[in-house]
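When reading the values below, keep in mind they use all heavy atoms of this one structure, side chains included, and skip hydrogens, waters and symmetry mates. Keep in mind that this is a model prediction, so the values were computed, not measured. Chain A is the first sequence line, chain B the second, and so forth, proteins listed ahead of strands; every chain is numbered from 1.
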Amino acid sequence: MTGATVIVDNLRVVARAGHGGETPIVKDVSFRIEPGEVLALIGESGSGKTTIALSLLGYARHGCRIAGGTIRIGETDVLSLTEAERRQLRGRRVAYIAQSAAASFNPSRTVMDQVVETARIHSLMPREEAERKAVALFRELALPSPDTIGQRYPHQVSGGQLQRLMAAMALMSDPDLVILDEPTTALDVTTQIEVLHAFRRVVREHKTTAVYVTHDLAVVAQMADRILVLRDGAQREIGATPQIIGAPQDEYTRSLIAAATPRARPADTAPKGETPLLEIRQLVAGYGAIGKNGRPAAPVLDDVSLRLSRGQAVGVIGESGSGKTTLARVVAGLVAPAAGQVLFDGRPLPALVAQRTREELRRIQIVFQMADTALNPAHTVGDILARPLQLYRGLKSDAQQRRILQLLDLVQLPASCATRLPAGLSGGQKQRVNLARALAAEPDLILCDEVTSALDTVVGAAILDLLAQLRRELGVSYMFISHDLNTVRAVCDDIVVLYAGQKVEALGRDAFARAARHPYFHMLATSVPELRPGWLDEVGAAQRAELPLVATPAPSQRAGLCSFLDRCPLRVAGVCDTQTPPRRELEGGVEVFCHRSGTDLVALQKTPRAEEPAPV
Amino acid sequence: MSAPAVLVPPAPVVRRRKFLADWSRSGKLGLAVLAILVFVALFAPWLQSHDLGEMSAAGVFQPMSAEHWLGTDYLGRDMLTRIIAGAPYTLGVAFAATVLACGFGAMLGLLASVSGGWLDAVLSRTLDTVVSIPSKLLALVIIAGFGSSTALLVATAAIVYTPGCYRIIRSLGVNINAMDYVVVARARGEKRSYIMRREILPNIWGPLLADMGLRFVYALRLLASLSFLGLGVQPPMADWGSLVRENLGALPTGGVSVVAPALAIAVLTIAVNLVIDNLPNARFDGERQ
């Protein structure tokens with residue numbers, strides 16, 4: 001398939017504003033996509049990138065209207081089509097791959113039913129032919145058991161597989177143009193890389209003309225031929241990928257790239273005191289009743305230990321389901337541990353909030369990922385900050401007001417914010433208020449749970465700067481929880497890697513580049529997209545390695561076994577599937593939970609990356 | 001980033017607006033009618049044109065006239081005076097019952113949503129049991145057992161309508177209880193009562209007010225039907241339900257004296273519904289939708 005030339009000229013989209021007015025959200029954007037080319041639309045939230053992508057379908061979201069300009073796909077003038085003609089266009093000539101595949105599939109019908117639906121709606125081909133074509137696409141997209149996966153229901157396949165199935169759905173009609181709207185943003189990085197590989201291969205082989213919408217420059221560097229940078233609905237810069245990444249012309253593009261480039265923010269604070277501020281010993285926690293063996297019905301954390309010195313920052317990294325948030329909740333007293341100990345300043349910390357003293361509560365504060373839901377929409381910023389001041393410090397009236405202003409200043413917010421409601425603040429400002437609320441208690445330890453994950457890159461980078469600055473100035477310690485390795489490396493002195501509730505590795509920031517890595521940590525570290533074109537091809541050059549055969553123990557017999565067993569390229573039959581791995585100190589102060597020797601693990605980093613095997 | 005990226009959004013969001021500016025046209029109509037009815041109920045003794053017990057020389061079931069604007073009742077008394085005199089009972093009893101029902105319902109609902117566990121289970125199942133008894137039957141049994149008095153009527157209606165309000169507040173509360181700001185409050189060491197009052201309640205005022213309006217209408221109808229059955233407000237006092245019953249004899253002749261109190265009930269019901277349907281959006285975004 002070669003696709004058609006797409007020409008967008010002076011596109012204007014407006015949104016209905018209050019009082020009958022209209023606000024432009026896409027301002028005179030023009031670009032051209034040659035057949036077989038992938039153009040990336042990149043920008044932060046509110047930049048209009050999805051709005052532009054949807055207008056290529058002749059569609060505007062509720063409350064929005066395409067107010068001007070032309071869109072031509074091949075010979076077709078999209079905006080002059082009637083609604084019925086646009087329906088003919090959608091799915092057939094222009095296909096759309098959304099961010100959340102899980103929300104885009106109907107859970108009550110099989111995958112195959114839905115993949116061939118496009119062919120049925122547009123009467124493109126008989127069902128048998130459509131199914132044959134679908135299976136061929138499944139194979140190209142490297143889906144496991146391509147012949148039978150179509151019979152499954154959406155909940156029976158993983159998130160990364162579902163995303164690829166949606167791509168198959170989009171490609172059924174050999175569309176002239178495919179729109180990929182943040183297709184890997186919701187995935188874990190080790191899953192993302194599989195999906196990127198699959199998309200990349202299919203796009204190349206089919207010479208698909210595509211629009212790739214994302215906020216992630218590193219991903220774009222791998223996928224796009226050209227990049228269009230957007231801000232507030234206006235076009236800032238358009239150019240070939242190597243030029244935009246390597247030699248950006250526009251000021252805003254430069255700031256985007258600066259924010260996306262990993263950068264360490266050392267606080268240069270030496271550990272103070274002999275006693276660690278926080279020490280977690282052999283923690284087991286989870287949900288449900290605690291059984292005879294001392295393990296909860298649904299264990300989330302299994303034998304996790306860590307130490308955090310005063311003034312230091314420890315990063316806890318893990319993907320979804322690794323138990324990182326549960327760890328923060330245990331320390332905060334929101335989840336009771338089933339076994340193990342949490343020591344704070346050398347003294348055991350009572351399990352739950354209700355058993356802790358006010359002073360113990362004051363010294364540990366928690367900051368959540370979603371600034372939106374962490375601030376009560378009914379309280380002004382002043383009220384939000386006043387409560388901990390009153391509760392912990394007994395500050396009232398004038399003293400309280402003065403302190404509120406100091407706190408706002410500390411997080412670099414204007415004093416006028418005090419009288420605002422959270423809805424009047426931007427995402428980054430809300431996160432600053434969140435931090436200020438934690439700081440109001442003058443804590444020794446702040447638990448940061450994915451504090452930058454919901455923010456745009458530039459805003460998130462500013463928050464990381466602020467965190468580093470606060471650590472220098474106030475000597476506060478952080479337990480920094482994130483799924484993003486770059487973020488953790490940027491702020492933390494020590495890194496703890498969790499996989500499915502087990503601590504698989506602990507290492508210092510300095511040891512990162514040369515230390516032995518647990519096979520999971522290696523996979524994670526090599527899956528984070530790098531900001532240079534060609535990275536994906538390099539890591540993808542490795543052949544799909546066959547995993548050594550091991551027994552597959554029943555879930556009931558898994559206690560104590562390595563949780564990474566199913567995906568590990570270094571697993572050893574008769575060892576990894578039967579025995580608990582040792583927790584070993586290797587050189588450089590690295591602690592690894594693996595049967596393999598340090599030499600084996602270092603050797604792994606020399607070999608090309610082995611891809612995740614297809615589960616059977 | 002080197003420069004602190006602090007963007008200042010426009011205009012503070014908290015601002016005082018004129019009360020009526022937020023109301024739509026039909027909301028204003030409802031408010032106006034309701035205000036008149038409340039005024040009548042509050043100042044009933046001073047608004048009556050005739051003596052309450054005075055029987056007109058014109059006779060019974062008279063049509064509308066300059067002397068008797070709404071005609072006369074089955075004893076020849078001025079109907080408008082009777083309706084005005086009945087307003088405090090009609091509105092007052094229903095209002096008291098609503099406040100009690102929603103007060104209890106909201107309190108228990110908040111308690112259940114914040115506590116969860118066995119307390120939630122016990123409260124929910126207990127109130128489900130109350131719902132399973134037909135409301136009129138329950139009222140009949142209570143009144144048959146203890147006799148009819150204003151206090152008992154209020155209590156009965158309150159019992160009948162507490163579970164409905166409880167259900168709504170509990171389900172709203174459970175959702176808000178899962179929000180991070182409530183988790184933060186818990187981690188801060190806040191007591192249950194603080195979380196109920198300060199973290200959850202301000203976010204459910206809108207639905208709570210709307211529910212109160214709805215319960216008021218239900219209570220009004222329950223009390224009117226009890227009075228119609230002769231079990232509600234007892235003579236010599238009369239609410240609008242009793243007035244309909246007393247003047248049933250006028251029905252065959254199309255007398256205004258039976259229609260007027262029924263109409264009064266309808267007007268009150270519609271006014272309250274207009275008000276709650278058009279409650280200004282109680283979201284905290286500072287902008288009208």
Side-chain angles (χ1 to χ4, degrees), chain A residues 18 255 258-259 329 332-334 353-354 356-358 360-362 364-380 383-384 387-388 391-392 411-414 416-417 419-426 428-429 432 434 437-438 441 447 449 458-459 461-466, chain B residues 1-17 21-22 110 114-117 172-173 175-208 280-289:
Chain A
S255 74
R329 287 180 177 239
L334 296 165
V353 166
R356 295 185 184 178
T357 65
R358 185 156 286 176
E360 283 167 335
L361 293 171
R362 179 188 69 78
I364 302 178
Q365 294 290 312
I366 189 163
V367 178
F368 282 113
Q369 169 178 10
M370 300 299 287
D372 283 331
T373 60
L375 299 177
N376 194 326
H379 296 174
T380 64
D383 291 342
I384 289 168
R387 182 61 189 173
L391 189 70
Y392 296 131
V411 296
Q412 297 156 9
L413 285 175
S416 61
C417 276
T419 53
R420 288 198 197 142
L421 289 170
L425 303 178
S426 70
Q429 287 176 323
R432 285 168 193 270
N434 246 337
R437 173 171 58 189
L447 308 169
D449 188 0
V458 174
V459 181
I463 294 282
L464 293 182
D465 286 332
L466 176 63
Chain B
M1 297 306 297
S2 49
V6 178
L7 307 166
V8 183
V13 170
V14 187
R15 51 175 180 237
R16 289 255 156 250
R17 275 186 303 249
D22 283 345
L110 285 172
V114 170
S115 309
L172 291 166
N175 284 331
I176 292 175
N177 191 45
M179 297 298 238
D180 286 342
Y181 54 81
V182 177
V183 179
V184 169
R186 269 178 217 285
R188 196 163 61 218
E190 299 289 3
K191 294 195 178 63
R192 201 151 54 177
S193 62
Y194 175 89
I195 293 176
M196 285 163 58
R197 274 185 304 114
R198 297 282 297 137
E199 300 288 350
I200 300 184
L201 188 59
N203 289 298
I204 55 175
W205 267 123
L208 181 57
N281 196 349
R283 285 174 56 213
F284 300 99
D285 52 10
E287 292 273 71
R288 281 175 64 189
Q289 275 203 326

Scan the side chains in residues 366-375 of chain A for donor-acceptor partners under 3.5 Å anywhere in the protein, sequence neighbours excluded, and list what turns up.
| unit_1 | atom_1 | unit_2 | atom_2 | d |
| --- | --- | --- | --- | --- |
| A:Asp372 | OD1 | A:Lys430 | NZ | 2.4 |
| A:Thr373 | OG1 | A:Met370 | O | 3.3 |
| A:Thr373 | OG1 | B:Asp180 | OD2 | 3.1 |

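- Contact annotation for A:Arg362: neither backbone nor side-chain heavy atoms come within less than 4.5 Å of a heavy atom of chain B.
- Chain B forms the most heavy-atom pairs under 4.5 Å with one residue out of A:Arg356, A:Gln365, A:Arg358, A:Arg387, and that residue is A:Arg387.
- Minimum interatomic distance between B:Arg188 and A:Leu361 (heavy atoms only, all atoms of both residues): O-CD1, 3.7 Å.
- What you find for A:Pro377 and B:Asn203 is that their closest heavy atoms are CG-OD1, 3.3 Å.
- Most heavy-atom pairs under 4.5 Å with chain A: of the set B:Lys191, B:Met179, B:Glu190, this distinction falls to B:Glu190.
- Proximity to chain B (any heavy atom under 4.5 Å) is restricted, for A:Arg329, to the side chain, taken from C-beta onward.
- With A:Asn376 contributing its side chain and B:Tyr181 its backbone, the two residues share no donor-acceptor pair below 3.5 Å.
- With chain A as the partner, the residue from B:Ala178, B:Ala187, B:Ala185 showing the most heavy-atom pairs under 4.5 Å is B:Ala187.
- Using a distance-only test at 3.5 Å, with no hydrogens or angles considered, a donor-acceptor pair links the side chain of A:His379 to the main chain of B:Arg198.
- Within 6.0 Å of CZ in B:Arg192 there are 12 or fewer heavy atoms belonging to other residues, nucleotides or ligands.
- Neither the backbone nor the side chain of B:Val182 comes within contact range of chain A, judged by heavy atoms closer than 4.5 Å.
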